[in-house]
Amino acid sequence: MLRETIRSLAESKIAPFAAAVDEEGRFPQEALDALVASDLHAVHVPEEYGGAGADALATVIVIEEVARACASSSLIPAVNKLGSLPVILSGSEELKRKYLGPLAKGDAMFSYALSEPDAGSDAAGMKTKAVRDGDFWVLNGVKRWITNAGVSEYYTVMAVTDPTKRSKGISAFVVEKSDEGVSFGAPERKLGIKGSPTREVYLDNVRIPADRMIGEEGTGFATAMKTLDHTRVTIAAQALGIAQGALDYAKGYVQERKQFGKPIADFQGIQFMLADMAMKLEAARQLTYAAAAKSERVDGDLTFFGAAAKCFASDVAMEVTTDAVQLLGGYGYTRDYPVERMMRDAKITQIYEGTNQVQRIVMARNLP
Ligand SMILES: Cc1cc2nc3c(=O)[nH]c(=O)nc-3n(C[C@H](O)[C@H](O)[C@H](O)COP(=O)(O)OP(=O)(O)OC[C@H]3O[C@@H](n4cnc5c(N)ncnc54)[C@H](O)[C@@H]3O)c2cc1C
């Protein structure tokens, strides 16, 4: 039922704008409005904080179906979960009450600020600092590649509070867009997900009350990594959706397109490609749903499964979307058809929330 609801909403209210959002590189406001109106913008927020209380699998299905129509728009529910999960996992009751309510209502979005210009795969090498000053912390530094920066009201920011301790000297904070000293860089000019703004976040003597710290001092990196264990499953979901959109489009196209006097779908060479695409996609889906169940139960092997689902599904999305372009021939290579956008959008799923090389490092360290 949930899938039917979100699919029909995505097809009627999000898909019609997907090409324009990509072409114009603009935020998908129509998608945000439609998702908020149906309470699907941040479904993971627990009911006790005013949310829909969707479990991890339901959240995956929402993101998957939005991504099938528009990958940029799927970053609304996905990044709302990414940004707020540190608060849900490790925040005080006061922080949860203060920040999850507006998120659930659709009054505010939440971003996640871990990466920096010189600290990507090696996130613990971050330089952003937080220095205690009485009942306040003062933050200084630059966060890079922050999805929905400028649009979101709230930011989970990881910063060094003890430079002698590397990852154990990092703490997490909630920073608000309106805090004095917060500003944003120009939107990055990207290959894909062009409707999802990616900007630098500048923290210039941002003075925030001490109770904005998420969890204990020195636990921020652990919270950031625990968060990714869960949200890599949502990136896998995004990859599934993008690939499904491309497969569905190609499946329809090959039945219409005629060469040598018959639909190209009659050629076994084409049928075998479609069979492989569907097979890989279904394998990725089963792994992702298994990982979602592990995320919901917080199983001991979630770290492996989160990394495996994200890595496998994103590699499959890249293959399936590339094959979809191939199935449309020259037409597939043009912006008159949606599959080239899907191929460009798929690429990011192999890079963010840890590149697929990093996922393989994580898997190797956590072999089942
Ligand atoms: C569009 C977009 C949105 C993003 N959104 C967010 C966000 O909202 N919040 C956030 O905090 N970050 C975000 N990121 C950042 C993203 O997570 C990083 O770009 C990613 O982790 C890689 O870091 P890097 O770009 O510095 O690459 P690098 O770490 O410099 O990696 C370069 C290459 O080296 C490889 N590599 C690095 N170390 C190793 C190793 N030990 N072994 C093998 N290979 C290695 C990498 O896999 C990669 O191929 C986003 C990025 C993009 C592009």
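These values consider heavy atoms only, across backbone and side chains, with no hydrogens, waters or symmetry-generated copies. Note that this is a predicted model, so its numbers are computed, not measured. Whatever order the structure lists ligands and atoms in, that order sets their numbers, starting from 1.
Protein heavy atoms are absent from the space less than 4.0 angstrom from atom 32 (C) of ligand 1. When distances from atom 5 (N) of ligand 1 to the protein are checked, a heavy atom turns up under 4.0 Å. Protein heavy atoms are absent from the space less than 4.0 angstrom from atom 35 (C) of ligand 1. Note that atom 23 (O) of ligand 1 has protein non-hydrogen atoms nearby, at separations under 4.0 angstrom. Proximity of atom 39 (C) of ligand 1 to the protein is not indicated, since no non-hydrogen protein atom lies closer than 4.0 angstrom. Of the protein's heavy atoms, at least one falls inside 4.0 Å of atom 51 (C) of ligand 1.
Smallest separation of non-hydrogen atoms from Ala69 and Ile14: CB-CG2, 4.3 Å. For the residue pair Ser196 and Ser72, the shortest heavy atom distance occurs at N-OG, 3.6 Å. Across all non-hydrogen atoms, the minimal contact from Thr288 to Ala237 is CG2-N, 4.0 Å.
None of Val316, Thr322, Leu327, Thr321 except one satisfies the side-chain contact (heavy atoms from CB on, under 4.5 Å) rule with Met277; the exception is Leu327.
Between Trp145 and ligand 1, at least one pair of N/O atoms sits closer than 3.5 Å. Ligand 1 has no nitrogen or oxygen under 3.5 angstrom from a nitrogen or oxygen of Tyr352. Considering backbone and side-chain N/O atoms, Leu114 comes within less than 3.5 Å of an N/O atom of ligand 1.
Ring planes of Phe110 and Tyr99: perpendicular class, angle over 60° (limits at 30 and 60°).
The single protein non-hydrogen atom nearest to atom 9 (N) of ligand 1 is Tyr112 O, 2.8 Å, given as residue, atom name and distance. The protein heavy-atom contact nearest to atom 45 (C) of ligand 1 is Gln357 CB, 4.4 Å. Considering only non-hydrogen protein atoms, atom 20 (C) of ligand 1 sits nearest to Ile351 O, 3.8 Å. Of the protein's non-hydrogen atoms, Ser115 OG, 3.4 Å is the one closest to atom 10 (C) of ligand 1. Of the protein's non-hydrogen atoms, the one nearest atom 26 (O) of ligand 1 is Gly120 CA, 3.2 Å. For atom 48 (C) of ligand 1, the nearest protein heavy atom (residue, atom name, distance) is Thr355 CG2, 4.0 Å.
Heavy atoms of Ile348 found under 4.0 angstrom from ligand 1 belong exclusively to the side chain. Residue Ile193 touches ligand 1 through its side chain alone, judged by heavy-atom distances below 4.0 Å. Only the backbone of Glu353 comes within 4.0 Å of ligand 1, counting heavy atoms alone; no side-chain atom from C-beta on gets that close. The proximity of Thr147 to ligand 1, defined as any non-hydrogen pair under 4.0 Å, involves the side chain as well as the backbone. Contact annotation for Val358 and ligand 1: no heavy atom of the residue comes within less than 4.0 Å of the ligand.
Near Ile361, meaning under 4.0 Å from one of its heavy atoms, ligand 1 places the atoms 40 (C), 41 (N), 42 (N).
When side chains are defined from C-beta on, Leu203 does not count as touching Asn140, because their heavy atoms never get closer than 4.5 Å. Using a 4.5 Å heavy-atom cutoff, the side chains of Arg335 and Glu340 are in contact. When side chains are defined from C-beta on, Tyr112 counts as touching Thr227, because their heavy atoms get closer than 4.5 Å.
Side chains of Tyr289 and Glu64: a donor-acceptor N/O pair is present below 3.5 angstrom, by distance only. Defined by atom type and a distance below 3.5 Å, a donor-acceptor pair is present between the side-chain atoms of His44 and Ser84. For Thr128 and Glu116, the side-chain atoms include at least one donor-acceptor pair closer than 3.5 Å.
For atom 37 (C) of ligand 1, the nearest non-hydrogen atom from the set Ser121, Gly192, Ala113, Ala224 belongs to Ser121.
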Steps toward salt bridge (charged side-chain N to carboxylate O under 4.0 Å, His left out) verdict (Arg341, Asp336): CA-CA 10 Å; Arg341 165 170 54 85; Asp336 299 333; over 6 Å; no

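The side-chain tip of Arg212 does not point at the ring of Phe173 from less than 6.0 angstrom away and within 45° of straight on.
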